[in-house]
Each structure stands twice: as structure tokens, then as C-alpha cells.
Undergrad: 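Take this structure first; my questions come after.
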Amino acid sequence: MARLFGTDGVRGVINENLNAEMALKLGMAICTTFGEGSRFLVGRDVRLGGDILIKAVVSGLESGGCTPYLCGYAPTPAVQYAIRSTQLFDGGIVVTASHNPPMYNGIKVIDSDGIEVPREKEREIEKVFFEERFSRVPWFKGDLSERMFAEVLDIYVKGIIEQVDKNKIREKHLTVVFDGANSVGSLVIPRVIRLLGGKPISLNAHLDPYFPGREPEPTPETLALAAQLVKASSADFGVGVDGDADRAIFIDDRGNVYWGDRTAVVLAPFLKERNPELPPVVYTGVSSSSFIEDLLREHGIKVVWLKVGSVDISRELVDKGGLLGFEENGGIMYPPHQPVRDAAMGTALMMQLIAEKSVKLSEEYSRFPRTYVIKTKYPLTRDLAVNVVERVKQEFSSFRTIPIDGVKVIFDDGWLLVRPSGTEPVLRVMIEMLNEKRAKEIKAKIESTIHSIRGVVG
Ligand code: MG
């Protein structure tokens, strides 16, 4: 069957491979799947084309007898939290392309528990979409007017503040640099910092669908200016978010930018002390560094490896219980608040940690060893990529391997991940070693395997 959903919702370039007709049919398919009478909270990020998609999706929902409640510009986690905490809605829709470049837009579908719908429900929606089995309400049951639900941001900010000790944090008067990617994170994160007695220094914090400040994906490269600003302003730390503010990448007081797996090593031991009732377990995708296992074991915290993709992490966190879910790309899920990625919650927790432990973030992050990292990809059909994975499993069979999403190989001095991409015909390779020479040797070995498999095919 043809596919509509990628790793995280439906994505495309407006009026190229994502258009109003698709959004209309998707709205109809979503309503048919959830059932007539379902209520949906509908939000969006700053992207151009958001209007086209929202109007079409809303029309599709109404045509099936579902009721949309519009909340306007909002981070994805704000929509998710409002659904979870008010229990007024059966689901939600966020029109966003998250971290993708400006010409993209997309549609995320949220379930009644505030988590992105599970894979099986995506399949159901896709089936209705492609078979055009839409339910439609008779004329006398149709919706009469648009409904608004404007309280989303207030509910969300209040929920975050309730999770931390605001008086303790306020005493410290923390200075926090915030890089908003010109999108919806800017509507809440400076406010959270301010409510916690901090001074936000904001960068790229006006809404602008052209993303003039930087690409919407937070990385050490795109946050270079924010990192300079942390140093220049002697801030306590910095945080950069993506286009829908579910991902947060942190910058320490010296201007060093860290991926999310490093942040988990800083946050998880603190959260264990803070929440002794929670199981001392964290959940993450196989693309996170294997160095976290030893670093967290020292604190009695176990790492559970999962497939790459935030939905699987959220669902596992809910089913099995734990302290934290996280992704190397900056997703932080704190279950006492909500088990989905949430940049504003991550920022408040970081303020709590600094206030409570009276530490500098550069000291906290220095627990992670200095390593040499290679992240690369090779164009390869899915079948050939799977062959490479099988061959790598054999070649490294004397080491510990985790074969749940491609294959991860764990050495004493580092690790390797070889994984077919879920969204494009490429093989992704990640290598992290204590020593640069070793990392390059492993890369060369993988490349020779790729060449030999390409050679077999001709
Ligand atoms: Mg995102």
C-alpha cells in the first residue's frame, strides 16, 4: 500500500507533494477513523501554506461530522498537553514540518492521550485515505461554525511551571539565551524563563515563515550565533529549538553546544533524585551514544534501546514507566509532565537543575568523554541497505550487537550504527569512538562492505 506518513506525520513541499486536496482528504480520513462526533484541537507553526492546509483539514473533519477547535499558533507539545490535561478532545492536528527547511509543511495527528497516533492508527487512516472510504454526515448534522480554543498556551505554560520549584529557581535570577528559530517556541519559552525569575535573551524570536535567522533544525552549526551570545552575555546557558518547539538543544555557559544524548546524561541522574518513585529507566533510540550506558549505570539508571522515532519512545515510556525518554536530536520527554518531546519543559528542568545543584552546566556536561563522531549516509536502495546491515552483523559478530533498527555494534572504546533510513533510499552510518584513527578505520571497513555489496549487484 502506498504510504502517507513518514517517521513523524505527513510531510511535503506545499503545492508540490503536499496540497489542499490531500489535506482535505486527510481530514476526511482522520474523522472517519476517529469516528463521527470526535473533537479535535487544531494548531499550527509559523510556516507558509499553513493556512491552506488548516482550512482543508478542518473542512475534511467537518464533512465527516467531527468538530475542530482552532488554537492558532502553538508549539506541538502545547497542543499535546492541552489535549492530555483538559480531556476535552478526542484528538488533535498540528500543521507543522517540525525541523524541515522552510519550503516544507506537514500534518501531525495526535491521539486522545496527547501522544502522536500509534503506527497502526496511521495505517488505518492511510487505508481510508487511499480507498476513499470517507464517512460523510447528512446536511442536518453538519457543523455550523468554527470553534476557537484560545487557552492552549496559558494551560501549557501553567502546566510546566507546576512541575518545578519556582521559588527556588527565582532566587537564582538565571540568564538564559533562547534561539526560537523564528517560530512558535518564541510564544512560550521566553515567558517560562521570565516566570521562573530568569532573564531571557532572545534570538530569532519573532515569527517569520521565511526563517531568516537560521534553518529550523537546531544543530551545533545553526546555533553558532546563539552559542556566541551565551558567552558574550555571560548567560547561565542557552537553548535552541526546532520549528514546532518539541526539540531542545542546549548550550553550556562556555558556549559549547550538545546533542540530546549528552543532555540526558546531565538530566537523568538529577531527575532520579527528584522522582524516587519513578522506575530508574530511560528510553532512547539506537542513534544515541552508547557511552550513556556506563555513565548512567554509575547512577543506577538503566538504558533501554528502541527503534529511532519519538512515537515508539513515548509509547514505551507510557507502557513500562520510567524517568525520561530522549532522542539524540534533542527530544526530551519528562513523564510527570507529559510523555512526549517538549522543549519548554526541558528548559524549565535545566533551570531547576542549575538552581538546585548550584552548578555550571559546563561542569555537568564535562562528565561525557571527549569523542570523535562520524555521521554520514550512502545512497543505497532499501534492499541493498538491508544486505549491508546483514553483512555488518556477521563481520562484527564477536561484539555486542543491538539489531532492532539496522544494527548497532558496541565496542569497549565506542560504537557503530548502520541503519537503512525510514524516509529516503540511503544507508545511515554513525560512528563514535574515543580515538579518531579507530573511527576512520571502522568507516573504511563499512565502506568496503558497501562497495562489495554494490559490486555483487553489478
Ligand atoms: Mg519538531
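Source: prediction; values computed, not measured. Order of appearance sets the numbers: ligands from 1, and atoms from 1 within every ligand.
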Undergrad: Taking atom NZ of K199 as the centre, does the number of heavy atoms from other residues, nucleotides or ligands within less than 6.0 Å exceed 12?
TA: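 Counting neighbours around NZ of K199, 12 or fewer heavy atoms of other residues, nucleotides or ligands fall under 6.0 Å, so no.
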Undergrad: Between D236 and K360 (salt bridge meaning N to carboxylate O under 4.0 Å), is one present in this structure?
TA: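 Looking at D236 and K360, the cut-off is not met.
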Undergrad: In the shown structure, where waters are left out, how many protein N, O or S atoms lie under 2.8 Å from the Mg ion (ligand 1)?
TA: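 If we list every protein N, O or S atom nearer than 2.8 Å to the Mg ion (ligand 1), we get 4.
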Undergrad: Quick one: does any side-chain atom of S366 pair with a main-chain N or O of E363 as donor and acceptor, under 3.5 Å?
TA: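 Checking the backbone N and O of E363 against the side chain of S366, a donor-acceptor pair under 3.5 Å is found.
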Undergrad: Under 3.5 Å, is there a donor-acceptor pair between the side chain of N105 and the main chain of L48?
TA: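 Here the side-chain-to-backbone pair exists.
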Undergrad: Look at the side chain of R247 and the backbone N and O of E327, then say whether any donor-acceptor pair between them is shorter than 3.5 Å.
TA: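 No; zero donor-acceptor contacts below 3.5 Å.
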Undergrad: For T33 and A29, indicate whether the former's side chain and the latter's backbone hold a donor-acceptor pair under 3.5 Å.
TA: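 A pair under 3.5 Å: yes.
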